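Here is the structure we will look at.
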Number of protein chains: 2
Amino acid sequence: MHLRLKKNSTAVRMKLTSAAQDATDTEKRGRKASKETRRQQLIEATIDSLAKRGYSETTLADVADGAGLSRGIVNFHFESKEKLLIATLQYMADEYAANWGAALDKAGDEAAAQLWALVACDFDRKICTKRKLAAWCAFWGEAKSRPTYQALCGARDVKYQEIFLALCQKLKDEGGYAYEPEGMTLALCASMEGLWLRLMMGDGLTREKAHAAAVEYLLVAFPRHFTREGPK
Amino acid sequence: MHLRLKKNSTAVRMKLTSAAQDATDTEKRGRKASKETRRQQLIEATIDSLAKRGYSETTLADVADGAGLSRGIVNFHFESKEKLLIATLQYMADEYAANWGAALDKAGDEAAAQLWALVACDFDRKICTKRKLAAWCAFWGEAKSRPTYQALCGARDVKYQEIFLALCQKLKDEGGYAYEPEGMTLALCASMEGLWLRLMMGDGLTREKAHAAAVEYLLVAFPRHFTREGPK
DNA sequence: ACATATTTGCTGAACACTCATTCAAAATAT
DNA sequence: ATATTTTGAATGAGTGTTCAGCAAATATGT
């Protein structure tokens, strides 16, 4: 089917001028993208619902309504509710990983600068929304009894924490600190996750305050490397 | 649960046989306590179910089965599922508060000893079970969209953190540390919650390792007050 | 160029199933 | 005998899933 379609549109393209060729291309892409666009749209609606109603109250009807589409739509684009939720979690995990990956690339070669960047990007505007934190937390709440969720949440942690550990170890060597690196790293990562939890709970805590608390941790742990304004 | 059932029927039998006085006593207590006992029993079964199946999969049928009782029982002793869940959360919150309250009493007057005790009791055998952590996390996951849960989870934090803040401030004065106390306290509390989260996720993390990580934090933050073995 | 056939994305009603809740009846205690 | 506690079947609301069919876009035949 797909092959035939491609053959046909190639044939059409050849008949048309070069300007129209572009148009056909985008059209084709648009058509092909349509499916991806819908999925995206439904995933966003799912995050909305998770944030607004919580995991247990999120229904397919609510997701469909949120996307402005009809009831059966999810089972058309995703096979089941379960698959939709997994795709949503996957999407968030990918976004999260991409974010700190990019931050790490931009940070340069200094271990201190890299660590600072990693901590900072956890409290980035794009990632650290109430909406998304709420969605994360919804999945965390179910993760213990669902291996798939656990894997996706865990995969995030493993790589992230490996890098953290390596950085902490490097800083320890550079600064002659006395702590035990594994415990230190664990406590630091846990602290940031805990801050997320609190942000989501929505006491008066703001993103800035949470970030400041994490920085305070960095200051105390690596006094020779950081000031409140950044790495030395 | 089965044991309790058996106990009841044993009590019944005792009434029929010899020791009438004893039997009447236990019976009276049994009757008056019976309602409380059933509630307790159902609450325990609820925690079991939350830990095993997660929030969204926890059904009244499952709770009743877990308690070895019949289907309609929850709506007799609690008015609704919602009320059962709230009572369960309340129960856990009370237990948690009682635990750190007792630990604080036992710790003496030194601020350092008190802080050490508070951190330690978060990783106590009684409190820090996988079962209970899972139940806590289930509630956290739903808390954002349920004011009642949020209030009960939050109430825990508020008092707890007030004390933490006071202790950190005191240690800062004593030790001449340079950090900003609010941020420090926030990061510390968040770290312990994050460690709970990870314990529950069940990577290879053990209670002891998590506790050690928290201690590592204490060491770094208050080097003049603590060694790995305890407060100086 | 026009008509027809096919594909594709989507709809919404129907269906099957789960689950909280109710309640009449039974069991048990007083 | 009365009150209390427990049972378990019945109820009904809610929800995920299915599917026949619609409409627009696209391909094919003339």
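Being a predicted model, the structure only gives us computed values, none of them experimental. Residue numbering restarts at 1 for every chain, and letters A, B, ... go by the order of the sequence lines. What you see below is based on every heavy atom in this structure, not just the backbone, and it leaves out hydrogens, waters and symmetry mates.
- A/R146 and B/E57 are joined by a salt bridge, as a carboxylate oxygen and a charged side-chain nitrogen come within less than 4.0 angstrom of each other.
- Applying the side-chain hydrogen bond (donor to acceptor under 3.5 Å, both in side chains) rule to pairs touching residues 135-145 of chain B yields A/S56-B/E142, sequence neighbours excluded.
- A side-chain hydrogen bond (donor to acceptor under 3.5 Å, both in side chains) with A/S49 is found for one member of A/D65, A/T88, A/D62 and no other, namely A/D62.
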What protein N or O atoms touch nucleotides 7-9 of chain D N or O atoms at under 3.5 angstrom, if any, and at what distances?
unit_1 : atom_1 : unit_2 : atom_2 : d
D/dT7  : OP2    : B/S70  : N      : 3.0
D/dT7  : OP2    : B/S70  : OG     : 2.8
D/dT7  : O5'    : B/S70  : OG     : 3.0

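- For the side-chain hydrogen bond (donor to acceptor under 3.5 Å, both in side chains) test, residues two or more places apart in sequence or in another chain that qualify with B/K132 are B/E95.
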Pairwise N/O distances under 3.5 Å, protein to nucleotides 17-20 of chain C:
unit_1 : atom_1 : unit_2 : atom_2 : d
C/dA20 : OP1    : B/K81  : NZ     : 2.7
C/dA20 : OP2    : B/L60  : N      : 2.8

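- At whole-Å resolution of the value, CG in A/L42 and C1' in C/dG9 are 12 Å apart.
- Listed by chain and residue number, A/T59, A/R71 satisfy the side chain to side chain contact (heavy atoms under 4.5 Å, CB included) test with A/A61 (two or more places apart in sequence, or in another chain).
- At least one side-chain nitrogen or oxygen of B/K35 sits closer than 4.0 Å to the OP1 or OP2 atom of D/dT5.
- In this view, B/D122 satisfies the salt bridge (charged side-chain N to carboxylate O under 4.0 Å, His left out) rule with no residue, not counting sequence neighbours.
- If you run side-chain contact (heavy atoms from CB on, under 4.5 Å) between B/L167 and each of B/L118, B/T185, B/L188, only B/L118 comes through.
- B/R53 places no side-chain N or O within donor-acceptor distance of the main-chain N or O of B/T58, the cut-off being under 3.5 Å.
- Rounded to an integer number of Å, the gap from A/Q41 CD to C/dG9 C1' is 12 Å.
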